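Starting off with a structure, shown below.
Here is the naming used below: chain letters follow the sequence lines, and residue numbers restart at 1 for every chain. Predicted model, so just to flag it, every value in this text is computed and none were measured.
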Amino acid sequence: MKSKQKKQSTNKNMIAPGHKACAGCGQMIAAKAVANALGEDVIIANATGCLEVTTTPYPQSSWRMPWIHSLFENASAISSGIRATLDYKIKHAKTKKEKQKLENIKVVAQGGDGATFDIGFGLISGMWERKENIIYICYNNEAYSNTGIQASGATPWGANTTTSPAGSGSSIDAIGSHQRKKDMLALALAHGLNYVAQTTAGHPQDIANKIKKAKQTKGPSYIQILSPCIPGWKIKSNQSIKVAKLAAKTGLYPVLEYENAKLTNVMKVEDNPLKVDEYLKIQGRFKHLFKNKRGRKQIKYIQSIADENIKKLEIGK
Amino acid sequence: MDINSKPGSTKNNKTGGWRTYKPKVDNGLCVGCGTCIQNCPEGAIQIKEDNNGNKKPKINYDYCKGCGLCAEQCPTKAIKMELEEK
Ligand SMILES: Cc1ncc(C[n+]2csc(CCOP(=O)(O)OP(=O)(O)O)c2C)c(N)n1
Ligand code: SF4
Ligand code: SF4
Ligand code: SF4
Ligand SMILES: [Mg+2]
């Protein structure tokens with residue numbers, strides 16, 4: 001696999017066009033920012049999901065760097081193997097130059113929220129336990145988008161998905177998802193990671209900065225990127241960035257980073273932060289919440305989650 | 001069995017055919033900030049210098065899917081989406 005490195009110009013993205021992601025896909029905006037910040041000295045292991053499926057319609061690939069896909073659940077384990085091989089090669093390098101070249105190569109594992117929060121979680125935990133020098137990136141579109149928007153451990157309260165359908169009945173099922181999103185950042189911190197960060201597809205420059213920090217971190221790091229999905233969130237193709245920004249502005253999805261277990265950077269919300277209604281009402285997946293009293297009660301509850309974040313992280317002014 | 005793919009080979013897929021609305025840049029309004037370039041999920045916008053050395057975006061319609069994000073996010077509203085005649 002030889003890449004035409006000479007032809008690379010500053011205008012060239014590390015993900016080629018012609019991929020099959022939906023028009024306006026938030027995950028692609030995020031992945032493009034990630035790939036460009038990583039550059040070509042990297043080996044990426046990618047779980048299946050929209051990102052893998054849309055960028056590698058066999059025999060083609062959009063990736064302009066070494067990239068491998070094996071299964072849904074094992075991107076982390078594949079990257080552990082790559083890491084072990086690189087470490088062996090570094091140890092046995094014949095020249096200083098060769099050693100340096102190998103040391104420059106970053107190992108990255110990435111996948112969607114289904115791959116990360118649910119099916120791949122055990123293997124990720126193992127990778128973190130072993131303190132392996134691997135960057136893990138989760139593109140969180142809050143559902144299993146690639147297979148038709150089933151709910152995952154990352155699906156938020158009140159969201160209508162195909163496995164948590166909103167209805168008109170009086171049981172709790174009728175509100176859509178009634179599980180609170182799993183706190184993956186807390187789980188990452190509990191594993192003692194030196195770099196844990198959260199950002200959104202609406203902040204591509206912040207994504208690039210966080211990738212650069214993760215590259216400098218020794219040991220495992222975790223970056224979770226909220227990535228609006230056009231059919232999954234039932235938004236228009238020109239809204240993914242706006243929605244992602246609103247998630248941060250309302251306090252529902254704070255943009256932040258932890259270095260050596262300490263919260264070191266967090267984006268403040270404005271005085272009188274925007275209410276979650278502004279975020280929820282433009283997404284079809286929450287449409288049912290605006291239709292009756294019971295739904296409005298859920299909106300109040302979702303607001304309390306945002307308020308809790310703002311208070312806990314001290315991001316109000 | 002060859003299970004390797006050529007890096008960047010999806011560029012053979014001309015996804016511009018997906019488009020309903022076509023973004024048009026008004027260079028007079030554009031301030032060359034680059035926001036549209038970062039926000040395009042296709043990587044279909046490049047930066048080029050015009051005759052006066054000012055940076056202006058150039059859209060590659062072979063790949064632009066017409067999502068409208070560039071127009072929506074442009075701080076000076078320099079991009080308009082127009083229904084495409086086919
Ligand atoms: C073991 C296994 N189970 C199920 C699938 C089918 N499958 C492929 S992609 C996918 C959903 C991926 O969801 P997520 O990780 O959130 O990524 P997204 O598509 O949302 O980006 C599923 C269920 C599979 N490939 N392998
Ligand atoms: S289904 Fe969602 S995540 Fe998948 S390509 Fe479309 S917009 Fe992107
Ligand atoms: S976002 Fe608007 S002003 Fe900025 S470079 Fe693009 S067209 Fe020009
Ligand atoms: S309409 Fe969408 S795909 Fe086309 S150039 Fe603008 S951002 Fe890119
Ligand atoms: Mg997902």
Top residue by heavy-atom pair count (under 4.5 Å) with chain B, among A:Gln27, A:Met28, A:Lys20?
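The candidate making the most pairs under 4.5 Å is A:Lys20.
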
Sidechain-backbone polar pair: B:Ser5 side chain, A:Pro59 backbone, donor-acceptor under 3.5 Å:
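Judged by distance alone, yes, a pair lies under 3.5 Å.
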
What's the shortest heavy-atom distance between B:Pro41 and A:Cys25, and which atoms?
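Smallest interatomic distance, heavy atoms only, reads CB-O, 3.8 Å.
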
Quick check on A:Lys236 against chain B: is it the side chain, the backbone, both or neither that has a heavy atom closer than 4.5 Å?
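Neither; nothing under 4.5 Å.
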
Look at atom OH of B:Tyr21 and say whether more than 12 heavy atoms of other residues, nucleotides or ligands are closer to it than 6.0 Å.
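Check fails, neighbour count at 12 or below.
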
Given that the side chain runs from C-beta out, which part of A:Gln239 has a heavy atom under 4.5 Å from chain B: side chain, backbone, both or neither?
backbone

So which residue, A:Ser62, A:Ala30, A:Pro57, A:Ala16, ends up with the most heavy-atom pairs under 4.5 Å with chain B?
A:Ser62

Could you measure the distance from the CG atom of B:Asn13 to the NE2 atom of A:His19? Nearest 0.5 Å is fine.
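These two atoms lie 10.0 Å from each other.
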
Kindly say whether B:Cys67 contributes a backbone atom to a donor-acceptor pair with the side chain of A:Ser237 at under 3.5 angstrom?
yes

How far does CD1 of A:Ile29 sit from CD of B:Glu42, to the nearest 0.5 angstrom?
9.0 Å

Is it the case that over 12 heavy atoms from other parts of the model lie below 6.0 angstrom from the NZ atom of A:Lys89?
no

Whether the side chain of B:Thr10 engages the backbone of A:Pro17 through a donor-acceptor N/O pair (distance < 3.5 Å, no angle test) should be reported.
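The answer is yes, because a donor-acceptor pair under 3.5 Å joins these two groups.
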
Does a side-chain heavy-atom distance below 4.5 Å link B:Glu72 with A:Ile241?
no

Heavy atoms of other groups near B:Glu49 CD, more than 12 under 6.0 Å
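Enclosed: over 12 neighbouring heavy atoms sit under 6.0 Å from CD of B:Glu49.
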
In terms of heavy-atom pairs under 4.5 Å with chain A, the winner among B:Gly8, B:Ala44, B:Gly16 is B:Gly8

Near B:Lys55 NZ, under 6.0 Å, is it more than 12 heavy atoms from other residues, nucleotides or ligands?
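Counting other residues, nucleotides and ligands, NZ of B:Lys55 stays at 12 neighbours or fewer.
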
With rounding to the nearest 0.5 Å, note down the distance linking CG in B:Asn4 to OH in A:Tyr58.
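Those atoms lie 8.5 Å apart.
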
Give, as side chain, backbone, both or neither, the part of B:Gln38 having an atom under 4.5 angstrom from any heavy atom of chain A.
both

I'd like to verify something: which residue of B:Gln73, B:Lys48, B:Arg19 has the highest number of heavy-atom pairs under 4.5 Å with chain A?
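Top option by heavy-atom pairs under 4.5 Å: B:Gln73.
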
Could you tell me which portion of A:Thr56 (side chain, backbone, both or neither) has an atom closer than 4.5 angstrom to a non-hydrogen atom of chain B?
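Neither part; nothing is under 4.5 Å.
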
Looking at A:Ser240, A:Ala23, A:Ala201, which one has more heavy-atom pairs under 4.5 Å with chain B than the rest?
A:Ala23

How many angstroms lie between CG in A:Asn238 and CG in B:Asn39, if you round to the nearest 0.5 Å?
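With rounding to 0.5 Å, CG (A:Asn238) is 11.5 Å from CG (B:Asn39).
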
Identify which part of B:Lys14 has an atom lying under 4.5 Å from any heavy atom of chain A, answering side chain, backbone, both or neither.
neither

Largest heavy-atom contact set with chain B, pairs under 4.5 Å, which of A:Ala21, A:Ser61, A:Ala31
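The candidate making the most pairs under 4.5 Å is A:Ser61.
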
I'd like to know whether NZ of A:Lys287 has more than 12 heavy-atom contacts from other residues, nucleotides or ligands below 6.0 angstrom.
no

